[in-house]
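Contents: one structure, followed by commentary.
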Amino acid sequence: MAEDCRKLDVNRLNREGCLKPGWSGNWLWHRDCEQVAGISLSAEQSRLIVSFHITEKTGDYYDVEQSIPIIRTPCNYGGNRPFFGCPGVVNGTPCRRRVAKLFKGGRYFLCRHCYSIAYASQSEAVEDRMLRRADKRRMAMGGQRGTAYGIAPKPKGMWQRTYDLQCDEIEWCEDQANRAFLGRYRHSLSREELEMYFGP
C-alpha cells in the first residue's frame, strides 16, 4: 500500500525550500519519534538529485544516486507549481508521468503506477468508503461517527445553507453505503425484501 512506502512529496519539499536551485541537505523519515531512514537531496534548476545507501540482506550495501526531473507549470495567477517527472522505465518504456509523489517501492523512487502501488482507500468496499466520508463530515460539525447518532446541531458561526449542504451530503453518503451493502448481498434477500429496499 502507498501508505506503507517512504515517499517524496513535491509540494512538501517545495514548501520546505528544498527545490530551490543550489539547495542541498538531508531528508529524514521518523516512526514513533525515531529516525528510520534518511537520504541526501540536491536541487538544480530542472532536477532533484537523490542519494542514499541500500543495504542488502547479506549485509552488503551500496550507494545509489537518482536524478528526478522537476517540471514547473505556470499558475493562473502567477508563479508556478512543481511536479516530479517520474524517471521510471517499465518494459522498456519511459514513464514520464507528471506526479506530486514518488514512492520507494523498490530500489528507486518512482510513481505508484510504475510500482503498481494502490492506496488503502482504493481497496475499500464502496459502503466503507461512503461511511468514512459521511463520518468525516459528522466529525467536522462536532458530531460522532456512525449512523446510530443523529447529525450534530449547526455549529456556531456556520451558515445555514452550508449546514444544510453538509447534512444532505451525510445523508446521501449513508444512503449510498446502504444501497451498496444491500446490492452486494441482494442474492440472500427475499423478493419482498428486494421490493422494500429497491422498489418493485
Side-chain angles (χ1 to χ4, degrees), residues 1-133 135-136 139 145 177 180 184:
M1 291 294 177
E3 292 83 354
D4 299 325
C5 296
R6 292 181 193 124
K7 60 182 175 285
L8 292 174
D9 184 327
V10 75
N11 295 314
R12 186 175 175 192
L13 290 170
N14 192 43
R15 285 195 304 270
E16 299 288 336
C18 304
L19 300 184
K20 291 179 181 177
W23 183 92
S24 64
N26 296 319
W27 191 259
L28 307 175
W29 285 273
H30 295 84
R31 183 182 297 124
D32 298 326
C33 300
E34 290 188 16
Q35 180 184 332
V36 294
I39 58 176
S40 296
L41 302 177
S42 178
E44 298 180 4
Q45 183 62 39
S46 59
R47 65 176 183 161
L48 182 69
I49 308 298
V50 180
S51 304
F52 51 93
H53 303 296
I54 289 183
T55 303
E56 300 282 7
K57 293 179 180 179
T58 59
D60 297 331
Y61 73 92
Y62 55 93
D63 297 326
V64 174
E65 185 173 286
Q66 183 181 7
S67 176
I68 301 172
I70 298 174
I71 303 166
R72 300 181 188 276
T73 60
C75 298
N76 292 333
Y77 301 103
N80 59 70
R81 182 180 177 189
F83 291 91
F84 290 131
C86 177
V89 177
V90 179
N91 298 324
T93 304
C95 175
R96 296 189 183 126
R97 278 187 177 87
R98 193 174 65 179
V99 295
K101 295 179 182 178
L102 294 176
F103 300 86
K104 194 172 184 301
R107 179 177 296 186
Y108 300 107
F109 286 94
L110 305 176
C111 74
R112 66 184 184 87
H113 302 282
C114 288
Y115 280 131
S116 299
I117 296 172
Y119 286 100
S121 59
Q122 292 177 297
S123 60
E124 281 183 313
V126 173
E127 57 267 30
D128 293 333
R129 190 163 62 249
M130 288 291 103
L131 289 176
R132 185 163 52 81
R133 183 170 159 187
D135 285 345
K136 184 177 179 181
M139 298 292 286
R145 291 186 178 92
R184 184 140 56 105

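Source: prediction; values computed, not measured. Basis for what follows: all heavy atoms, side chains included, without hydrogens, waters or symmetry-related copies.
Note: L19 CG to I70 CD1 = 4.5 Å, rounded to the nearest 0.5 Å. In this structure, the separation between CG on L41 and CH2 on W23 is 5.0 Å, given to the nearest 0.5 Å. Taking CG of D63 as the start and NE2 of H53 as the end, the distance is 5.0 Å to the nearest 0.5 Å. With rounding to the nearest 0.5 Å, the separation of SG in C86 from CZ in F103 is 10.5 Å. Remark: S46 OG to I68 CD1 distance equals 12.5 Å, nearest 0.5 Å. Atom CZ of R145 is separated from atom CZ of R132 by 11.0 Å, given to the nearest 0.5 angstrom.
Under the rule for a side-chain contact (heavy atoms from CB on, under 4.5 Å), the partners of R133 that lie at least two apart in sequence or sit in another chain are M130, E169, W172, C173. Legend: residues meeting side-chain contact (heavy atoms from CB on, under 4.5 Å) with S51, ordered by chain and number and at least two apart, are S40, I49, E65.
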Verdict with reasoning, W29 to I39, per side chain to side chain contact (heavy atoms under 4.5 Å, CB included): CA-CA 9 Å; W29 285 273; I39 58 176; 3.6 Å; yes
Full working for side chain to side chain contact (heavy atoms under 4.5 Å, CB included) between L48 and F84: CA-CA 9 Å; L48 182 69; F84 290 131; 4.1 Å; yes
Side chain to side chain contact (heavy atoms under 4.5 Å, CB included) between R96 and I71, worked out: CA-CA 10 Å; R96 296 189 183 126; I71 303 166; over 6 Å; no
Please report, to 0.1 Å, the donor-acceptor pairs under 3.5 Å made by any side chain of residues 9-16, with sequence neighbours excluded.
{"unit_1": "D9", "atom_1": "OD1", "unit_2": "N11", "atom_2": "N", "d": "2.9"}
{"unit_1": "D9", "atom_1": "OD1", "unit_2": "R12", "atom_2": "N", "d": "3.3"}

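Contact detail for C114 and G88: the closest heavy-atom pair is SG-CA, 4.2 Å. In terms of heavy-atom proximity, P82 sits nearest to R72 at CB-NH1, 4.0 Å. Taking each heavy atom of L102 and C111 in turn, the nearest pair found is CD2-N, 3.5 Å. R6 approaches F109 most closely through the heavy-atom pair O-CE2, 4.1 Å.
H113 is not listed as a side-chain neighbour of C95, based on a closest heavy-atom distance of 4.5 Å or more. Using a 4.5 Å cut-off on side-chain heavy atoms (C-beta onward), C18 and W27 make contact.
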